[in-house]
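Only one structure is covered here, and it is reproduced in the block below.
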Amino acid sequence: GAVVSQHPSWVICKSGTSVKIECRSLDFQATTMFWYRQFPKQSLMLMATSNEGSKATYEQGVEKDKFLINHASLTLSTLTVTSAHPEDSSFYICSATDRVTAWETQYFGPGTRLLVL
Amino acid sequence: GQSLEQPSEVTAVEGAIVQINCTYQTSGFYGLSWYQQHDGGAPTFLSYNALDGLEETGRFSSFLSRSDSYGYLLLQELQMKDSASYFCAVRDDTGGFKTIFGAGTRLFVKA
């Protein structure tokens, strides 16, 4: 089956530093990748939609200069949290859809837990 | 705007049947999906309904009524491992191709 990996799975950083999270589709080409954040016991909030080779589309209220997204290839998208602050601490999850099954089936990565001290 | 409503919690016993309802309001509706998420884990895809009716996949079934903007996930022969959060989600093409998730229903399965 389709597998999406995320790296790192856990990251603890100091306030003011930047953190890069990688999302890879391991055995399929992802036409579109999505980035979500999730607070404890809450739903997934879509942050941005990323298509290979084009600029990401950010949801209302998400700062594009703070959450930099790069989708350089059909198998890799990165999310960089710039100048992270404690309020950015969250569970960040990426998902991807492939060219064959399209949007209905999103394959999720295992998530990255970010703790900003 | 877009919104999905589902119960926040459901409790059932092993072996029972449970139904998790979802009502939605959205423009450009294309289909309703269901995802399961265990604590600390990532969501996994369960089912997708684009047309009215019931889709069955093993112990799980999903139903959609487009005219009622309503769907449900039916879990049969409940097992302890089914304790998790279940999210309904809709595709929404307004403003771009994306998925909107409901708030989730926490299912507790008791022995």
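Scope of the values below: all heavy atoms of this structure, side chains included, with no hydrogens, waters or symmetry mates. Per chain, numbering begins at 1; letters A, B, ... match sequence-line order.
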Any side-chain donor near an acceptor of the partner, B:Asn49 and B:Ser62, under 3.5 Å
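Side chains of B:Asn49 and B:Ser62: pair found under 3.5 Å.
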Do A:Ser77 and A:Trp35 have side-chain atoms, one donor and one acceptor, less than 3.5 Å apart?
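Their side chains do contain a donor-acceptor pair, which is all the 3.5 Å distance test asks for.
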What part of A:Ile93 is in contact with chain B, defined as an atom under 4.5 angstrom from a non-hydrogen atom: side chain, backbone, both or neither?
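When you check distances to chain B, only side chain atoms of A:Ile93 fall under 4.5 Å.
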Taking side chain as everything from C-beta outward and backbone as N, CA, C, O, which of these in A:Gln38 sits under 4.5 Å from a heavy atom of chain B? Side chain, backbone, both or neither.
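It is the side chain, since no backbone atom gets that close.
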Less than 6.0 angstrom separating the ring centers of B:Tyr72 and B:Phe63, yes or no?
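Centroid separation for B:Tyr72 and B:Phe63: below 6.0 Å.
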Measuring centre to centre across the rings, with the benzene-like ring taken for any Trp, is A:Tyr107 within less than 6.0 Å of A:Phe28?
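Yes: the rings meet the under 6.0 Å criterion.
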So which of B:Ser85, B:Ala50, B:Gly102 has the largest heavy-atom pair count under 4.5 angstrom toward chain A?
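Option with the greatest count: B:Gly102.
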Which portion of B:Phe101 sits near chain A, non-hydrogen atoms under 4.5 angstrom
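B:Phe101 touches chain A through backbone and side-chain heavy atoms alike.
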